[in-house]
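Values below: every heavy atom of this structure, side chains too, minus hydrogens, waters and symmetry copies.
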Amino acid sequence: MADNFIFESSDCKQEDKSSTLTRMATASSFTVGDYVVYHEDENTIFGTHSMTPSKGAMLSIMYFAKFEANKCVFWKVHSHQPA
């Protein structure tokens with residue numbers, strides 16, 4: 001992660017690197033799986049994965065990330081409950 005890293009959630013709220021790392025370290029447990037990569041190059045990656053919280057229904061996640069100098073500078077997710 002780059003020092004200027006930004007995470008953006010489905011509701012367009014943004015977190016910096018420090019906030020993201022703190023949230024992930026203290027988050028309730030969840031499982032991530034079923035990764036599919038639709039596009040990847042030196043600057044971007046785009047795909048989907050599942051996320052199942054310890055309590056609640058599984059979510060389908062679409063993600064997009066941007067890289068500069070081999071470090072992630074932006075990670076955007078959009079989630080929904082599969083039908």
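Annotation: side chain of His78 is not in contact with side chain of Ile61 (no heavy-atom distance under 4.5 Å). In this structure the side chain of Met62 reaches within 4.5 angstrom of the side chain of Phe46, judged on heavy atoms.
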### Message
Determine whether Thr22 and Glu15 satisfy the following criterion, side-chain contact (heavy atoms from CB on, under 4.5 Å), listing intermediate values before the conclusion.
### Response
CA-CA 10 Å; Thr22 298; Glu15 294 178 333; over 6 Å; no

### Message
Would Asp16 and Phe7 count as a side-chain contact (heavy atoms from CB on, under 4.5 Å) here? Give the steps.
### Response
CA-CA 6 Å; Asp16 63 10; Phe7 174 86; over 6 Å; no

### Message
Applying side-chain contact (heavy atoms from CB on, under 4.5 Å) to Met51 and Thr31, what does each step give before you reach the verdict?
### Response
CA-CA 6 Å; Met51 193 276 288; Thr31 304; over 6 Å; no

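Grouping the Ile, Leu, Val, Met, Phe, Trp and Tyr side chains by contacts below 4.5 angstrom, directly or via other members, places Val37 with Val32. One hydrophobic cluster, built from ILVMFWY side chains closer than 4.5 Å, cannot hold both Tyr38 and Val77; they sit in different ones. In the hydrophobic clustering of this structure, Phe30 groups with Leu59; members are Ile, Leu, Val, Met, Phe, Trp, Tyr whose side-chain heavy atoms approach within less than 4.5 Å, directly or through other members.
Aromatic ring centres of Tyr35 and His49 lie closer together than 6.0 Å.
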Side chains of residues 63-76: which donor-acceptor pairs under 3.5 Å do they make with residues two or more places apart or in other chains?
residue, atom, partner, partner atom, Å
Tyr63, OH, Val36, O, 3.4
Lys76, NZ, Glu8, OE2, 3.1
Lys76, NZ, Ser9, O, 2.8

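Between the CD1 atom of Ile45 and the NE2 atom of His39 there is a distance of 9.0 Å, given to the nearest 0.5 Å.
Within a 6.0 Å radius of CG in Asn43, more than 12 heavy atoms belonging to other residues, nucleotides or ligands are found.
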